[in-house]
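Remarks on the structure that follows.
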There are 2 protein chains.
Amino acid sequence: MISRAVDTKTRILDAAEKLFGQNGFDATSLRDITAEAEVNLAAVNYHFQSKESLIDAVVARRVEPVNQKRLEMLEAAGPNPTLEQLLIAFLQPLMQSDLAQVYPLMARLLATPDAFLTRLFKKHLSLIIERFSEAFSQALPECDATQIRWKMQFTAGAMAHVLSRAYAMPELMPDVKFDSQTVLAELVTFAAAGFRAKEGI
Amino acid sequence: MISRAVDTKTRILDAAEKLFGQNGFDATSLRDITAEAEVNLAAVNYHFQSKESLIDAVVARRVEPVNQKRLEMLEAAGPNPTLEQLLIAFLQPLMQSDLAQVYPLMARLLATPDAFLTRLFKKHLSLIIERFSEAFSQALPECDATQIRWKMQFTAGAMAHVLSRAYAMPELMPDVKFDSQTVLAELVTFAAAGFRAKEGI
DNA sequence: GTCTATAGGTTGATAGAC
DNA sequence: GTCTATCAACCTATAGAC
């Protein structure tokens, strides 16, 4: 349930974030959102102009702080960061446990290749991808730019999959407790080894 | 365009496969499908009972042969397969280039955690997951079952992400040509190293 | 098996009172 | 800013003629 101690605009954002993550963007109607937020239907079109603008606002509210933290951690790692430092700077700001409620939304954004969402994705992430691919290339000078991009895609896909299944995990993996700290460590270990691996199949 | 040289039922499956992959399950209406297939709207409910049954049929037609090939390759690898052999047996049947038209559909299935699709996913993949997790555990005896499951999740996520972006890749990675043979090799190398990596972060 | 026609319900968005 | 009421468009599914 969405807290009533905040203004209408925030309640709409909170409800939309929850339902978009849970059921997807297409399957969530504006009526579902206003019912969850306990606000009037017309309030959505008053505060946001359209459903697409609402999606943009919902995503931007969560992505921008994550990206800022990523760039801060990238900078804090100094001029010659290790591969592990780079992976943590990229993954940790999103996989923090206090963002667990946002995992499903982020997973939808990462894994839904619709035209509008792809545009949104590029708008919010092209700078991050650029900066980190430079850093990865510098950390692995023997690896060409194409290979770096594939390895980043693999890592992002692994992360997206974990985020999308975070809540379903107990069902899919009954004896495995989901703990974001542990999974982050597992993923960093996995991806770091993958980045360092040379061709030879 | 869907070929007219096949029967109505197949034309519906072909059109649905294309549009579900392109625009998602929710965003694709039965009208979209019958228009693309050039058949009458009522034919969908005649040949399939409902939209959910249609989705099931569309998925089953492609997943079952892939799973059969996976089990064949697993068996053909003998009693003591290498990690690389296991990864190829899991990944190659789906990432074959002659299945490129099916990539978007498979990516949607893998990356959409809706209740109905999760049920579909489990129905078609639980046997595969069981068999391969046993085989991975046997190939990496020093790795406990939980870690094996995470590493499989990471690998599946990397694969799903590549499949979902296969057609968008030229746009997201302008100077990288998508070639399923090359990407398969890159992914096997990446994942094999990730599987062998020990904790130590 | 294939068609038309339509029932019955939902959707995003807006007009206009307060 | 918030509400009610409503529009026009869309949806899945089915009944019934051929």
Side-chain angles (χ1 to χ4, degrees), chain A residues 1-61 105 108 112 114-117 119-120, chain B residues 1-61 105 108 112 114-117 119-120:
Chain A
M1 195 57 62
I2 303 302
S3 166
R4 299 221 49 151
V6 286
D7 63 12
T8 298
K9 197 168 174 177
T10 304
R11 285 223 301 288
I12 293 172
L13 286 172
D14 290 345
E17 170 176 295
K18 175 180 169 182
L19 295 176
F20 285 150
Q22 214 165 77
N23 307 320
F25 298 101
D26 290 319
T28 302
S29 69
L30 298 183
R31 280 168 177 81
D32 293 337
I33 293 167
T34 55
E36 172 78 22
E38 298 180 82
V39 303
N40 189 274
L41 172 61
V44 173
N45 289 80
Y46 175 77
H47 287 285
F48 311 88
Q49 301 87 334
S50 64
K51 188 177 178 179
E52 287 206 348
S53 297
L54 173 61
I55 294 175
D56 195 345
V58 167
V59 169
R61 183 173 67 143
L105 176 78
R108 297 271 180 185
T112 311
D114 297 342
F116 169 67
L117 290 173
R119 229 179 307 133
L120 242 185
Chain B
M1 195 57 62
I2 303 300
S3 165
R4 299 221 50 150
V6 287
D7 63 12
T8 298
K9 196 167 174 177
T10 304
R11 284 223 302 288
I12 293 172
L13 287 172
D14 290 345
E17 171 177 295
K18 174 180 170 183
L19 295 176
F20 285 151
Q22 213 164 79
N23 307 320
F25 298 100
D26 289 319
T28 302
S29 71
L30 298 183
R31 280 171 175 77
D32 294 336
I33 294 167
T34 55
E36 172 79 22
E38 297 180 84
V39 302
N40 189 274
L41 172 61
V44 173
N45 288 80
Y46 175 78
H47 288 285
F48 310 89
Q49 300 87 335
S50 65
K51 186 178 179 179
E52 286 206 347
S53 296
L54 173 61
I55 294 175
D56 196 345
V58 167
V59 169
R61 183 173 69 143
L105 176 78
R108 296 274 180 184
T112 312
D114 297 342
F116 170 68
L117 291 172
R119 230 180 305 130
L120 241 184

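If you're wondering where the values come from, they're calculated on a predicted model, not measured in any experiment. No hydrogens, no waters, no symmetry mates; every other heavy atom, side chains included, goes into these values. Lettering follows sequence order; numbering is per chain, from 1.
For the pair A:I12/A:V58, no side-chain contact is recorded, criterion being any heavy-atom separation below 4.5 Å from C-beta on. Between A:L54 and A:L30 the shortest side-chain heavy-atom distance falls below 4.5 Å.
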For residues 39-48 of chain B, tabulate all N or O donor-acceptor pairs below 3.5 Å that involve a side-chain atom, not counting sequence neighbours.
unit_1 : atom_1 : unit_2 : atom_2 : d
B:N40  : OD1    : B:A42  : N      : 2.9
B:N45  : ND2    : B:Q49  : O      : 3.2

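The salt bridge (Lys or Arg N to Asp or Glu O under 4.0 Å) check on A:D26 picks up nothing, with sequence neighbours excluded. Judged as a side-chain contact (heavy atoms from CB on, under 4.5 Å), and not counting sequence neighbours, the contacts of A:D56 are A:A60, A:L120, A:K123, A:H124. Taking the salt bridge (Lys or Arg N to Asp or Glu O under 4.0 Å) definition, one finds that B:R61 meets it with B:D14, B:E17, sequence neighbours left out.
For the segment residues 20-29 of chain B, no residue has any heavy atom less than 4.0 angstrom from an atom of DNA chain C.
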Quick one, give me the B/S/- string for nucleotides 13-18 of chain D, reading 5' to 3', where B means a protein heavy atom under 4.0 Å from the base and S means that only happens at the primed atoms, P, OP1 or OP2.
BB----
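The pair A:E36-A:K18 meets the salt-bridge criterion, with a side-chain N (NZ, NE, NH1 or NH2) lying under 4.0 Å from an Asp/Glu carboxylate O.
With rounding to the nearest 0.5 angstrom, the CD1 atom of B:I55 is 4.5 Å from the CZ atom of B:F20.
Between A:I12 atom CD1 and D:dG1 atom P the separation is 12 Å, expressed in whole Å. Atom pair A:E38:CD and D:dT2:C1' shows a separation of 15 Å (rounding to whole Å applied). The CZ atom of A:F48 sits 15 Å away from the P atom of C:dG12 (whole-angstrom rounding).
Of the side-chain N and O atoms in A:N40, one or more sit less than 4.0 angstrom from OP1 or OP2 of D:dT4.
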